[in-house]
Number of protein chains: 2
Amino acid sequence: MREAYSCGLEATFDVIGGKWKFVILWRLHPEARRFGELKRLVVGITEKMLIQQLREMVADGLVHRRAYPEIPPRVEYSLTPMGISLKDLLAPMCEWGSRYIEQMGGKDLCPESEPQTECV
Amino acid sequence: MREAYSCGLEATFDVIGGKWKFVILWRLHPEARRFGELKRLVVGITEKMLIQQLREMVADGLVHRRAYPEIPPRVEYSLTPMGISLKDLLAPMCEWGSRYIEQMGGKDLCPESEPQTECV
DNA sequence: CGGGATCCGTCACGATACTG
DNA sequence: CAGTATCGTGACGGATCCCG
């Protein structure tokens, strides 16, 4: 959420656009995750990108961050109600993409990659 | 549509991600548009970006390009069935963004910009 | 009218190393 | 464990000029 929007679509893309946000979002569903868990679950992301994206999502009100004053440190990230409402949006987007892939030449699905079953 | 996808969401973002694609898409609905029309309707886009995005969308099977062998040249762009199906996806995304804007501090809507009423 | 070609700046993204 | 700091790169987006 940065400047003025002339349409809700811009806001939506601003908030979940980019390479990682939506992946993180659906890894945060349905339960809270620790930083280390996310790092493992979001395959291929670097720590820098993960913390950066999480910060933006916290600032955008999609994710809640809870730090426990312990040693060793523990931080849990969870979805806010706004973040949860986004999830209902991701489902049809994922369905559309899946249909698109199979109609446009099924060769492009990646069978050996870990099955991301919670998509859809 | 470039590499292998592990999830439909990646495909969706690949196809309508970026700054311009979804704006062009909904300007193409419900009727075909000429290149010059699009250039005026998609406020702020340069010719280079417009033609570049259109080409990608044609390659991705979302948009159909029809050139008339006339002088002066005339080219019309329209949505393919796949492109039309995307429109049903954009509507909820736009609604979500609008709700997000008003809940997160209504100052971020842009009143003086031309009302993009066909959104939603 | 509907493009194509070229040059260029920015920034999203990434690799690596270090820290409380 | 959960970050922070630094550096590098390429794709994305824009400006400008040219063409059939």
Inset, instruction - Please state whether the phosphate of dG3(D), meaning OP1 or OP2, lies under 4.0 angstrom from any side-chain nitrogen or oxygen of Lys39(A). - result: no
Inset, instruction - Identify which nucleotide among dT4(D), dC1(D), dT6(D) has an atom closest to any side-chain atom of Lys48(A), counting heavy atoms from C-beta outward. - result: dT6(D)
Inset, instruction - Give the nucleotide from the list dG13(D), dA15(C), dG3(C) with an atom nearest to the side chain of Phe35(B). - result: dG3(C)
Legend entry - Under-4.0 Å salt bridge between Lys39(B) and Glu47(B): yes
Inset, instruction - Compare the minimum distances between each of dT4(D), dC13(C), dG3(C) and the side chain of Met49(A), then state the nucleotide with the smallest one. - result: dC13(C)
Inset, instruction - Output yes when Glu37(B) and Arg27(B) qualify as a salt bridge under the 4.0 Å nitrogen-oxygen rule, no when they do not. - result: no
Inset, instruction - Determine the contact category for Gln52(A): base if any of its heavy atoms lies under 4.0 Å from a base atom, sugar-phosphate if only primed atoms, P, OP1 or OP2 are that close, otherwise nothing. - result: nothing
Inset, instruction - Could you state the atom-to-atom distance from CD1 of Ile51(B) to C1' of dG13(D) in whole Å? - result: 16 Å
Legend entry - Shortest non-hydrogen contact from Ile45(B) toward Met49(B): CG1-CB, 3.7 Å
Legend entry - Which residue lies more 5' along DNA chain C, comparing Arg74(B) with Gly18(A) via nearest heavy atoms: Arg74(B)
Inset, instruction - Measure from the side chain of Thr46(A), starting at C-beta and using heavy atoms only, and say which of dA15(C), dC13(C), dG3(D) lies closest. - result: dA15(C)
Inset, instruction - Look at the side-chain N and O atoms of Trp20(A) and state whether any lies under 4.0 Å from the OP1 or OP2 oxygen of dG14(C). - result: yes
Legend entry - Gln53(B) side-chain proximity, nearest of dC1(C), dG14(C), dG13(D): dG13(D)
Inset, instruction - Return the nearest nucleotide to the side chain of Pro73(B); candidates are dC1(C), dG3(D), dG3(C). - result: dC1(C)
Legend entry - Phosphate contact (dA2(D) OP1 or OP2) by Arg34(A) side-chain N/O below 4.0 Å: yes
Inset, instruction - Check every strand shown and say whether Tyr68(B) touches a base, only sugar-phosphate, or nothing at a heavy-atom separation below 4.0 Å. - result: nothing
Legend entry - Whole-Å gap separating C1' (dC1(D)) and OH (Tyr77(A)): 11 Å
Inset, instruction - Kindly say if Arg65(B) contacts the phosphate of dG3(C), meaning a side-chain N or O under 4.0 Å from OP1 or OP2. - result: yes
Legend entry - Any side-chain heavy-atom pair of Tyr77(A) and Leu54(A) under 4.5 Å: yes
Legend entry - dC1(D) OP1/OP2 closer than 4.0 Å to side-chain N/O of Arg40(A): no
Legend entry - Between dT16(D) (C1') and Glu47(B) (CD): distance, integer Å: 11 Å
Legend entry - Heavy-atom side-chain contact between Tyr100(A) and Ser85(B) under 4.5 Å: no
